Amino acid sequence: MTRFKSVFAYTFNRMIRQLAATFIIVLLFLVAVPLFFAVISGTLSEYSIMDAVRSGVYPMVVGWFLIVIGAETYPQFKMMIQNGVSRLTYWRAKVCAILLITFIGTIFNLVYNWVARFSISGIHLAYSQFFTNPAMNILVDFGFEFLILTAVAMTAMAVGSILSLFSRRGQFAWIFLTPIALIVLLIWLINFQERAGLLDETWIVNFLKFLLGFRQQFGHYNPLVPEVTLVIYSGIMAAVSRFFFGQLKIKK
Amino acid sequence: MSSGIEIQHLSKQYEKKTILHDINLKFEPKTIYGLLGRNGAGKSTLLGLISDRIFPTQGRILFNAEMIHDNDQILGQFYLMSEVDLYPNRRRVRQLFRDTEQLYGEFNRKYADELVKKFGLDDSSQYGKLSTGYRTIVKLIIALCVPATYIFLDEPVLGLDANHRDIFYRELVETYTERPRTFVISTHLIEEIANLIEQVVVIKSGRVLVDDSSEALIAESYAITGPKNVVDSFVSGLNVIGSETLGNLKAAYVFGALDDRPIPDVITIEHMDLQKLFVNLTNEEETQNDAL
C-alpha cells in the first residue's frame, strides 16, 4: 500500500467514526432527551418520535461536522509528522477523505430529505425544475448539496490551516476579531451601497444574476453556473489550504 | 547503497536568536551516534530539522542525495522520539501501535508485545493518562518497532527508573544486533551510553565542536596528573581543555596529540572517559576548545 493510501485510509476511518459518533449524539439529544422529559412531565402522549426524526437538524449535522473536521489541522499534523508523513500527503489525504465524507453526507441528506421530509429543501428549490427529466433534476439537487458542502469544508480547511500557524492566543484573537471585522465591513458595505447605489449599476446586478443562474421563473434557474462557481471557489480554497499546510511546523 | 544523511550549512534562527550556526554533518547508515551537548546547545532543534518538523533558516538536509523536506519516501525511513508529545492524549497505547503500523506501513507487533510485558506497561491505558516515564516507554517501544532505518532518540530515558533504563539499553543493543540501523541518541546521561555509541557529535552553542568516532576521541584525550609546576610545564603548548587543582596536585585535561615530549616520572597520564571529555569540552569557562 502506498503512503498516500495508508494515510487516506487512516484519515477517512477516523472521520467516519467521528461522523457516526456525532450522529448518535445528535440522535440521542433530539430523540432521547425529549422522550425523557415527556416521561417525567407526564406528556408522553404528545411525544412523537417521527417529529423528532423529521427535525431539520440532521442535514445540518454534516455541514457542522465538515466545518469542525475541516478546520482541525494542527492536532492531526502532529500525528502525521510524528509518523513520517509529509505535509503534502497529509493535505491530499485530508482533501480526499473530506470529499468522500461529503459524498456520503450528501447522499444521507438527500435520502433523509426525500424519505423523512418528502421534499427538496432550501436553495435547491430554485433549480429543481430546470431539466424536464426528473432524474436530471435529482442529479442537480445532489450536485448542489455536494458542492455547497464541499465549499463549506474547503473554506474550513483553508481557515483552519491559517489558524494553525498561530499560537492558541493568536487563534482566539482571530476567531473573535474576524466576525467583528466582517460585521463592520458588512455595515460599511450596506452604507456604501446606499450612498453609491452599487446595485443600481446594471452590470453588477446582471453579474450576480448570472452567478445565481437566474431565470424569470422560480424553479427553473440554471444550476450549471452556480455549480461551476462553487467548483472554482472550492478549488481556490483548496489551493489556499495547500499553501498553508506547506507552512505547518511543530510549535515550540 | 545508502549514503546516509548529509547536513549542509544548516542554520536555524528563532526570532533574532541563532540556535544553530552553519552545521555540516553526516549520519552514516547502521551506526550508533551519541549527540551530545549542554542544555540549549541546539540538539533538539537539529533533530527537529532532520525530521522535517521545523524549517531551517539556511542550508539543506539530504538523504541519499535527495532533499528530505516533504519527501514521504525519506521521512518514512526516519523516526524521532522526542520529549514533545505529538501523540493524541485520548488514544490508547495499543491503538497508537495500530496507528503507527497503518501510517508507517509496517510495525513489529510481536516485539512490541514483548516489550510491553518487559516494561510492565498497560497497553489499554490512554496515552495522556500515563506518567512521564511510561509515555517515554511507549515512544521507545514504537521507536524500536517501526521499520525506519534512522531512529533519533532525544532524551530517551527521561523519567525512566534505573531498571527501565537497563531494559532499554539491553533491548537497544539486541535490536541493533538483529537489525542494524542508525540510532542517534541525544542524552545527558553520557556514562550510561558511552559503551553503546560508535560515533560522537558534540554541539556547543549551536556549532559542531566534535564529530569523530568514540574510540578516536578517547584515544586523543588525556588526563595528566602530578605536581602543579611539572604538569604546567608538561602541557605547555598542548590543547588543554580543562584542569582541576587540589593543593599542589593538578590534573590537566588535554585533547589532541601529546607529541613526542619526554614524560616526567612524577606525572601519570590516563585516557579520559567520554563524560569527562564532554564536560571539559563544553565547559563555558574554557576558551581553548573553541579552536578545535
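Proteins get letters first, then strands, A, B, ... in listed order; numbering begins at 1 in each. Values below: all heavy atoms of this structure, side chains included; hydrogens, waters and symmetry mates excluded. Just so it is clear, the model here is predicted, and its values are computed rather than measured.
The choice from K78(A), Q247(A), Q82(A), R14(A) that makes the most heavy-atom pairs within less than 4.5 Å of chain B is Q82(A). Residue with the most contacts toward chain A among L75(B), D52(B), D70(B): D70(B) (heavy-atom pairs, distance under 4.5 Å).
Contact annotation for Y79(B): only side-chain heavy atoms (C-beta onward) come within less than 4.5 Å of a heavy atom of chain A. Only the backbone of S51(B) comes within less than 4.5 Å of a heavy atom of chain A; no side-chain atom from C-beta onward does. Using a 4.5 Å cut-off between heavy atoms, L96(B) contacts chain A through its side chain alone, with no backbone atom that close. Looking at I54(B), both its backbone and its side chain come within 4.5 Å of chain A, counting heavy atoms on both sides.
Heavy-atom contacts from other residues, nucleotides or ligands closer than 6.0 Å to CZ of F37(A) number 12 or fewer. By the neighbour-count criterion of 12 heavy atoms within 6.0 Å, atom CD of Q8(B) is densely surrounded, having more than that number from other residues, nucleotides or ligands.
Nearest heavy-atom pair, A93(A) versus T11(A), reported as atom, atom and distance to 0.1 Å: CB-OG1, 4.2 Å.
Between L35(B) and V202(B), the closest side-chain pair of non-hydrogen atoms is not below 4.5 Å. With a 4.5 Å cut-off on side-chain heavy atoms, K249(A) and R53(B) do not count as touching.
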